[in-house]
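Atom set for the values below is all heavy atoms of this structure, side chains included, hydrogens, waters and symmetry mates excluded. For reference, positions follow the sequence shown, starting with 1. Just so it is clear, the structure is predicted and the values come from calculations on it, not from any experiment.
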Amino acid sequence: MDQPFMKLRLGLTGDKSYYLRNGTEDYFKKMRAAYKDIQEDTTSEYAYFAFFTLCSATLEYSLNFVLADYCLEQFGMDRYKTYLDEYIKLSFKNKLLLLPHIISNGKFVMNEDCFAFKRLAEMIHLRNQLMHNKEFLVEFDLPLNFKVEDGGLIVPEGQESIEFNIEMKDTPIQKLNKENCIYYGNAMGDFKNYLMTPALTDGLKANKMIKVHYA
C-alpha cells in the first residue's frame, strides 16, 4: 500500500492552510537504486559508504516523519510541535525502539528479537562510529623483556631481529561491505513494510517487527 504524499489542514473560513509533506519516498527510491547496483556488483567500493549513509538518513527522516504525523493527529496544529520537539530529541536508537509504543499509545512495542530491529540498531551504532570516529592508543603484547643496564638496553645474542604480530579489529569503515549493505537494505525494507507504512495508512498490527504490549 502506498503512503500518503502529504496531509492537508485547510483553512476553509479564511484561516491559513497547511500541509505536512511526506518526502520519504524520494529517499527510499534512491536507496533502492543503490541497493540494486550493490546486489548486481555494478558499483565501486565507495558506493558501500554512500548506500550506508543513505540508509541512515532515510531511517532517521522516516522516524521523524512518522512522529510528526502522529503528533499532528493526536494534538492538532496548535500543539503538535510541542510534543514533536520532545520526541525528536530522543536518541536515534531510542527513537526507533520506542516508535511503536509511542504511535500506538502503548498498545504495541518493538520486537527486539527480530532480524530487522537488530540490524537497524547495529546500523545506527555503526553510523555513530563512522560519523564520529576517533583513534586512541591500543595496548598490545610484545614478547620481549630485555634488561636495562647503565642506561642501555641489553639485547641477548640471537635476538637482534624479532618477529611479532599485532591483531587489529576492523575499523568502522571496513565493516561496510556488500553483505552488510544487503542486510541493512533488507532491514530498511522490513521497517517500511511492517512499521512505517501501516502507521501512516491502516494502523499498526502485530507482525514480525512489532508485538502487542502486555503490561
key: Any pair counted as side-chain hydrogen bond (donor to acceptor under 3.5 Å, both in side chains), so long as it reaches residues 65-85, sequence neighbours left out   = K7-D69, K7-E73, R9-E73, Y70-N105, R79-Y83, K81-D85

query = How far apart are the closest heavy atoms of T197 and Q3, and which atoms are they?
reply = OG1-NE2, 3.0 Å

message = With side chain to side chain contact (heavy atoms under 4.5 Å, CB included) as the criterion, how do Y18 and L10 come out once you've worked through the C-alpha distance, each side chain's angles and the decisive distance to 0.1 Å?
response = CA-CA 6 Å; Y18 297 88; L10 303 178; over 6 Å; no

message = Check this for me, if you would: do D26 and R21 make a salt bridge, where the nitrogen-to-carboxylate-oxygen distance has to be below 4.0 angstrom?
response = yes

Exercise: identify the closest heavy-atom pair between M110 and K211 = O-CE, 4.1 Å

query = What is the distance from atom OG of S62 to atom CG of L67, rounded to the nearest 0.5 Å?
reply = 11.0 Å

query = Which heavy atom of Y61 sits nearest a heavy atom of N22, and at what distance?
reply = OH-C, 4.2 Å

task = Enter the distance from I182:CD1 to Y48:OH here, rounded to the nearest 0.5 Å.
result = 8.5 Å

ask   = At what distance, to the nearest 0.5 angstrom, does CG of N111 lie from CG of N207?
value = 9.0 Å

inquiry  = Tell me whether V109 shares a hydrophobic cluster with V212, the cluster being built from Ile, Leu, Val, Met, Phe, Trp, Tyr side chains joined at under 4.5 Å.
reply    = no

ask   = Is a side-chain donor or acceptor of T42 paired with a backbone partner of I38 at a separation under 3.5 angstrom?
value = no

query = Is atom OH of Y194 surrounded by more than 12 heavy atoms (other residues, nucleotides or ligands) closer than 6.0 Å?
reply = no

task = Measure the OG1-CE distance between T58 and M188 for me, rounded to the nearest 0.5 Å.
result = 5.0 Å

Side chain to side chain contact (heavy atoms under 4.5 Å, CB included) between Y87 and L98, intermediate numbers included = CA-CA 10 Å; Y87 287 136; L98 298 176; over 6 Å; no

task = Check the hydrophobic clustering (I, L, V, M, F, W, Y; side-chain heavy atoms under 4.5 Å; chains of links allowed) and say if M131 and F136 are grouped together.
result = no

query = With the threshold set at 4.0 Å, does a side-chain nitrogen-carboxylate oxygen contact exist between D190 and K208?
reply = yes

message = One thing to verify: whether E25 and R32 come together as a salt bridge, which I'm taking to mean a side-chain N less than 4.0 angstrom from a carboxylate O.
response = yes

ask   = Rounded to the nearest 0.5 Å, what separation is found between the CZ atom of F5 and the CG atom of L200?
value = 13.5 Å

query = Is the number of heavy atoms from other residues, nucleotides or ligands under 6.0 Å of M168 CE greater than 12?
reply = no

ask   = When you check the gap from the basic side-chain N to the acidic O, do E40 and K178 get nearer than 4.0 Å?
value = no

ask   = Regarding Y183 and E122, is there a side-chain donor-to-acceptor distance under 3.5 Å anywhere?
value = no

inquiry  = For a quick test of reading the model, state the closest non-hydrogen atom pair linking K175 to N180 and the distance between them.
reply    = O-ND2, 2.7 Å

ask   = Any chance CZ of F75 has more than 12 other-residue heavy atoms, nucleotides or ligands included, within less than 6.0 Å?
value = yes

ask   = Are more than 12 heavy atoms from other residues, nucleotides or ligands located less than 6.0 Å from atom CD of Q174?
value = yes

ask   = Hey, does the side chain of N193 reach the backbone of G189 with a donor-acceptor pair shorter than 3.5 angstrom?
value = yes

ask   = Taking it one step at a time, do K192 and L59 satisfy side chain to side chain contact (heavy atoms under 4.5 Å, CB included)?
value = CA-CA 9 Å; K192 184 179 181 184; L59 178 59; over 6 Å; no

Heavy-atom pair with the smallest gap, counting every atom of I88 and K95 = O-NZ, 3.2 Å

message = For F140, I'd like to know if atom CZ has over 12 heavy atoms of other residues, nucleotides or ligands within 6.0 Å.
response = yes

ask   = Are L176 and T171 side-chain neighbours, meaning at least one heavy-atom pair lies under 4.5 Å?
value = no

Heavy-atom donor-acceptor pair, K93 side chain to S91 backbone, under 3.5 Å = no

query = Do you know which two heavy atoms are closest between L204 and F108, and how far apart they sit?
reply = O-CE1, 3.5 Å

inquiry  = Between L63 and M196, does the side chain to side chain contact (heavy atoms under 4.5 Å, CB included) criterion hold? Intermediate values first, please.
reply    = CA-CA 8 Å; L63 292 170; M196 183 180 181; over 6 Å; no

ask   = Does L126 belong to the same Ile/Leu/Val/Met/Phe/Trp/Tyr cluster as I124, with side-chain heavy atoms less than 4.5 Å apart forming each link?
value = yes

ask   = Is any side-chain heavy atom of P100 closer than 4.5 Å to a side-chain heavy atom of L195?
value = yes

request  = On the 0 to 90° scale, with breaks at 30° and 60°, tag the F51-Y35 ring pair as parallel, tilted or perpendicular.
outcome  = tilted

query = Tell me, do L120 and Y184 make a side-chain contact under 4.5 Å, heavy atoms counted?
reply = no

query = Going from CG on L130 to CE on M123, what distance comes out if it is rounded to the nearest 0.5 angstrom?
reply = 11.5 Å

